[in-house]
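Structure, as structure tokens:
Any value given below was found using the heavy atoms of this structure, including those in side chains, with hydrogens, waters and symmetry copies removed.
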Amino acid sequence: MKRPPNILLITTDQQHYSLLGSVNPAIRTPHLDQLAAGGVRFDRAYCPNPLCTPTRGTLLTGQYPSRHGGWTIGAKVREAHEGGGPFIGDLLRPAGYESHLVGKAHFQPLADVPGQRSIECQPLLRDLNFWRQFGGAGSQPWYGFDRVDTARMHTAESHVGQHYAIWLEEKGLKDWTVYFNTPSPLGTDSGDRYGEGPMAWRIPEELHYNNWIVERTLDHVGRCVERDRPFFTWASFFDPHPPYVTPEPWFSMYDPADVPLPPEVSSEAMADMPPPHRAALAKSGDFTEWLETAHANHGYSSHRRGLDRTWLARATAAYYGMMTFTDAAIGKILDGLTRLGAQDDTLVVFTSDHGHYLGHHGLVAKGAFHYEDGIRVPMIARWPGQLPAGEVRRDLQSLVDFVPTFLEAAGLAACDDVQGVGRLTNWKDGAAGRQVCRVENRHQPTSVHLHTYITSDAKLTLYRGRDYGELFDLRSDPGETRNLWSVPSASALKCQMLEAAMQEQIQSEPLLTRRVAGA
């Protein structure tokens, strides 16, 4: 029986889809460009939700966020003992795979969920004795992974610890907390992660978490190669997610005067957009209607900063530097794969968990907004001898399909709980693939609850219990500047998209139990 391929999933956090040198000449990502030259670059890939936990849960399960439990930030992807899963590591294990997670998890909130424990919150994050016993060989699998090396923060945020902190101590940095308590005298932002930064981070470059991810990833890969055991390894990078903080020389690599900025957007230009969008652009937006609980809708209050062009240029330059640093780390992993003799036997897939606004549509960061900038993600797949090299495609891709596609590559069938569909044939030869991509978003119980459906030509967004929505003709309006929701002449397109939305919803229903009798 032929040995199944290794699978290496590489993800960034909050990377705009255009942040690849092969797409945008203003950014330097030579290693990702080389990966694309050896494989397929997909320019129409979408996340299932433009927030971290929901999409990461989907990458674990092949299920939409509304099913796997982590429906928003601050919710929890259900563990196996809570009825969650099955997870990709568990599904691959029968074919002999050893699975590893290295880097960011964010499957759980920064507080315990009622009736459910979160281990990704303080004070446990800094209980290094706990983490020294967690995630290693012989440990109980966590979300299906046989091995885990994880951490939680973004750049210099204070909720640091776990395996990264253990690694820092092993490298001789005993006072590592001084680099991560915000605000800090050692080069972090001043407390408003999307506002007062960016700043150069004085942490020694060799101790940056990018190098920790590289080291632990190659250690895991090398161990499997030595034993001739197929691996599923997820190298999960933290950047270029804000705060816009990174060490030199990366911080000063790009001149704010040279980075491209999107066109300025006025509140008047958003007159035909739904109320949440107009409020986000107003200088004194009232968000009361969309704040049903004590937990604010992520990002609303920070979006207005996108109107400050000086700050935006500085943030963009730092964001670019963070991405180029991450690309260099990815290059080390890819070089290590070749050095270990595993390149030809490995399916490498690169993507990001969601996009990012850097002034696009007058917005910053992320939130309940489904413009292309927030929901479209970069995607590259390389598998020598199996996938074509150097192709660029625009057929629709969704991250919900990754789990069943990985199972296809391993020669395994997807289980009934998986809502995505295997796309390996589509990746190989461009055969008919996904017709509709679905993006969910739900911050509060009802007020910010929307679904978006994307076809090759158009986009429809439905808001729960609201008479407003969004409809864009992506052929004539790729920049999404004119909402056709209430335009009579677009009624035929609206009906067509509503039918497409219903078909996608029906087709993604999981089969939770089998029919075993006639009655």
Side-chain angles (χ1 to χ4, degrees), residues 2-11 35-36 38-49 55-65 67-68 85-97 99 101 143-145 230-236 345-353 376-389 391-439 454 504 507-508 510-511:
K2 185 179 179 181
R3 178 186 179 280
N6 308 308
I7 301 171
L8 173 61
L9 174 63
I10 302 174
T11 60
L35 182 68
V40 184
R41 194 187 81 209
F42 295 95
D43 284 354
R44 290 291 303 280
Y46 292 88
C47 63
N49 183 300
T55 288
R56 291 168 184 276
T58 293
L59 290 171
L60 285 173
T61 62
Q63 300 168 356
Y64 283 102
R67 167 130 187 86
H68 63 57
F87 305 108
I88 181 62
D90 294 324
L91 295 171
L92 289 171
R93 194 169 292 114
Y97 282 81
S99 58
L101 168 68
Y143 290 105
F145 290 104
F231 59 81
F232 172 76
T233 301
W234 182 358
S236 178
D345 298 326
T346 303
L347 167 61
V348 179
V349 178
F350 166 79
T351 192
S352 189
D353 57 356
R376 196 163 139 196
V377 291
M379 178 183 166
I380 300 168
R382 185 190 74 185
W383 188 4
Q386 298 290 328
L387 303 185
E391 286 198 6
V392 177
R393 298 190 191 150
R394 291 188 59 80
D395 47 311
L396 297 178
Q397 304 291 329
S398 173
L399 305 194
V400 76
D401 295 331
F402 277 22
V403 165
T405 303
F406 294 156
L407 294 175
E408 274 191 316
L412 299 170
C415 66
D416 294 335
D417 276 5
V418 171
Q419 293 177 280
V421 176
R423 302 293 176 189
L424 189 60
T425 302
N426 170 259
W427 290 11
K428 285 183 174 182
D429 58 23
R434 180 169 284 277
Q435 301 300 305
V436 182
C437 286
R438 166 174 149 201
V439 180
I454 308 108
E504 198 287 328
Q507 292 169 23
S508 67
L511 185 64

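In this structure Asn6 satisfies the side chain to side chain donor-acceptor pair (under 3.5 Å) test together with Arg3, Thr346, sequence neighbours excluded. Legend: residues meeting side chain to side chain donor-acceptor pair (under 3.5 Å) with Tyr46, ordered by chain and number and at least two apart, are Arg44, Glu372. For the salt bridge (Lys or Arg N to Asp or Glu O under 4.0 Å) test, no residue two or more places apart in sequence or in another chain qualifies with Asp395. A search for side chain to side chain contact (heavy atoms under 4.5 Å, CB included) contacts involving Ala414 returns Pro404, Leu407, Val418, not counting sequence neighbours. Taking Phe232 as the reference, Phe406 meet the ring pair (Phe, Tyr, Trp, His ring centres under 6.0 Å) condition, with sequence neighbours excluded. Taking the side chain to side chain donor-acceptor pair (under 3.5 Å) definition, one finds that Thr55 meets it with nothing, sequence neighbours left out. Listed by chain and residue number, nothing satisfies the side chain to side chain donor-acceptor pair (under 3.5 Å) test with Thr351 (two or more places apart in sequence, or in another chain). In this structure Tyr97 satisfies the ring pair (Phe, Tyr, Trp, His ring centres under 6.0 Å) test with no other residue, sequence neighbours excluded. Legend: residues meeting salt bridge (Lys or Arg N to Asp or Glu O under 4.0 Å) with Glu504, ordered by chain and number and at least two apart, are Arg434, Arg438. In terms of the salt bridge (Lys or Arg N to Asp or Glu O under 4.0 Å) criterion, residue partners of Asp416 (sequence neighbours excluded) are, by chain and number, Arg514. Taking the side chain to side chain contact (heavy atoms under 4.5 Å, CB included) definition, one finds that Thr61 meets it with Gln63, His68, Phe87, sequence neighbours left out.
Atom CG of Leu424 sits about 9.0 Å away from atom CG of Asp429, to the nearest 0.5 Å. Between atom CD1 of residue Ile88 and atom CG of residue Leu101 there is a gap of 13.0 Å, rounded to the nearest 0.5 Å. Taking CH2 of Trp427 as the start and CH2 of Trp383 as the end, the distance is 10.0 Å to the nearest 0.5 Å. The line from CD1 of Ile10 to CD1 of Ile380 is 9.0 Å long, rounded to the nearest 0.5 Å. Distance CG/Asp345 to CD/Gln386: 10.0 Å, rounded to 0.5 Å. Distance check, rounded to the nearest 0.5 Å: CG of Leu9 to CZ of Phe350 gives 10.0 Å.
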Set out, in order, the CA-CA distance, both residues' side-chain angles and the distance that settles side chain to side chain contact (heavy atoms under 4.5 Å, CB included) for Val392 and Asp43, then state yes or no.
CA-CA 7 Å; Val392 177; Asp43 284 354; 3.4 Å; yes

May I have the step-by-step check of side chain to side chain contact (heavy atoms under 4.5 Å, CB included) for Ile454 and Val439, ending in yes or no?
CA-CA 8 Å; Ile454 308 108; Val439 180; 3.8 Å; yes

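Closest approach of Ala410 and Ala95 over heavy atoms only: O-CB, 4.4 Å. Minimum heavy-atom separation, Pro388 to Arg393: CG-NH2, 3.3 Å. Across Leu399 and Pro48, no two heavy atoms sit closer than the pair CB-CD, 4.0 Å. Contact between Phe402 and Leu59 at its shortest, heavy atoms only, is CD2-CD2, 3.7 Å. The two residues Ser398 and Cys437 have their closest heavy-atom pair at CB-SG, 4.0 Å. Nearest heavy atoms, Gln419 versus Tyr64: OE1-N, 2.8 Å.
Between Val349 and Ile7, every side-chain heavy-atom pair lies at or beyond the 4.5 Å cut-off.
Pairs of residues two or more places apart, or lying in two chains, that qualify as salt bridge (Lys or Arg N to Asp or Glu O under 4.0 Å) and include a residue from residues 418-428 are Asp401-Arg423.
Using a distance-only test at 3.5 Å, with no hydrogens or angles considered, a donor-acceptor pair links the side chain of Arg93 to the main chain of Gly144.
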